Amino acid sequence: MSITIRVKSKAKATKLQREQAVQRVISHFGLCLPQSRVLCFLDDEDPSSLKQAFGVANRGLSGTIRDGDDLSVWPDYVQKCVYVDDDVSPYTRRVIDQLIYLHRSTCIDEVGLTMTLAHELQHAIQHDKVRKVWAVNSLIRRLPTAVDDLKLEWADIRSLMESG
């Protein structure tokens with residue numbers, strides 16, 4: 001298990017408080033934690049690029065990071081935690097398999113921080129331990145777009161599932 005915690009904050013007391021909250025959430029999961037390299041990034045900003053890409057109402061994000069993934073929507077300071085320049089090779093090296101990200105507005109309240117972090121950490125655990133559950137959750141999140149694009153009604157999908 002390798003969970004890296006990055007709390008972006010200019011205030012030392014705020015940074016320490018948030019780091020301790022993250023540690024409490026992580027310790028709650030104990031042996032269930034994923035074996036992959038996970039970055040928990042708590043921001044002190046609400047980047048408009050992320051809100052535009054993932055929705056203005058989202059409080060946090062989690063996802064798998066693969067070599068070659070386009071991270072251009074992410075702020076540079078997050079990208080630099082995922083891809084590290086090791087001063088040896090001419091290329092940056094990916095050091096993270098999964099990214100959990102919480103917006104500043106989520107981190108202001110410790111209850112919101114812990115609830116959102118625990119939720120997003122569940123996605124990382126599912127990806128690592130119960131891949132089928134993770135895959136179904138990933139598909140379900142994309143269904144509304146597919147339903148709109150294909151001009152289907154939810155009843156059409158239900159009848160297909162019942163007949164299949």
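This structure is a prediction, so every number in the text was calculated from the model and none was measured. Nothing fancy with the numbering, it's 1 onward along the sequence. Atom set for the values below is all heavy atoms of this structure, side chains included, hydrogens, waters and symmetry mates excluded.
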Rounded to the nearest 0.5 Å, what separation is found between the [atom1] atom of [X] and the [atom2] atom of [Y]?
X	Y	atom1	atom2	value
L117	L42	CG	CG	6.5 Å
R66	Q98	CZ	CD	9.5 Å
K129	L31	NZ	CG	8.5 Å

By salt bridge (Lys or Arg N to Asp or Glu O under 4.0 Å), which residues pair with R6, not counting sequence neighbours?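 Partners of R6 by the salt bridge (Lys or Arg N to Asp or Glu O under 4.0 Å) criterion come out as none, since no residue qualifies.
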Salt bridge (Lys or Arg N to Asp or Glu O under 4.0 Å) partners for E19, two or more places apart: none
Distance-only, no hydrogens or angles: does the [X] side chain make a donor-acceptor pair with backbone N or O of [Y] under 3.5 Å?
X	Y	result
E120	S62	yes
K10	D44	no
T106	R59	yes

Report the residues that fulfil side-chain hydrogen bond (donor to acceptor under 3.5 Å, both in side chains) with Q122, sequence neighbours left out, ordered by chain and then residue number.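 So Q122 forms no side-chain hydrogen bond (donor to acceptor under 3.5 Å, both in side chains) with any residue.
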Using side-chain hydrogen bond (donor to acceptor under 3.5 Å, both in side chains) as the criterion, list what pairs up with D128, not counting sequence neighbours. none
Side chains of [X] and [Y] in contact at under 4.5 Å (non-hydrogen atoms):
X	Y	answer
T4	C40	no
D43	Y101	yes
L113	V111	no
H119	L121	no

[X]-[Y] co-clustered via ILVMFWY side chain contacts under 4.5 Å:
X	Y	answer
I125	I100	yes
V95	I3	no
L33	V22	yes
F41	I96	yes
I108	L102	no

Considering residues at least two apart in sequence or located in another chain, which fulfil the side-chain contact (heavy atoms from CB on, under 4.5 Å) criterion with [X]?
X	value
V73	S49, L50, A53, F54
L71	I65, D69, W74, Q79, V82, Y83
A118	V25, F29
K80	none

Kindly state each residue pair satisfying salt bridge (charged side-chain N to carboxylate O under 4.0 Å, His left out) with at least one member in [range], sequence neighbours excluded.
range	answer
residues 70-79	none
residues 28-38	R37-D97
residues 104-118	R24-E110, D46-R104

So which heavy atom on K51 is nearest to which on V56, and how close? NZ-O, 3.1 Å
For P75 and P47, the nearest pair of non-hydrogen atoms, with its separation, is CG-CG, 3.7 Å
Could you go through L61 and L99, starting from their C-alpha distance and side-chain angles, then the distance that decides it, and tell me whether this counts as side chain to side chain contact (heavy atoms under 4.5 Å, CB included)? CA-CA 8 Å; L61 306 162; L99 171 61; over 6 Å; no
Using ring-ring contact (aromatic ring centres under 6.0 Å, His included) as the criterion, list what pairs up with H28, not counting sequence neighbours. none
Cation over ring, K8 on Y77, under 6.0 Å and within 45°?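 Ring-cation test returns yes.
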H127 and H123: side chain donor to acceptor below 3.5 Å: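 There is no such pair (donor and acceptor under 3.5 Å, judged by atom type) between the side chains of H127 and H123.
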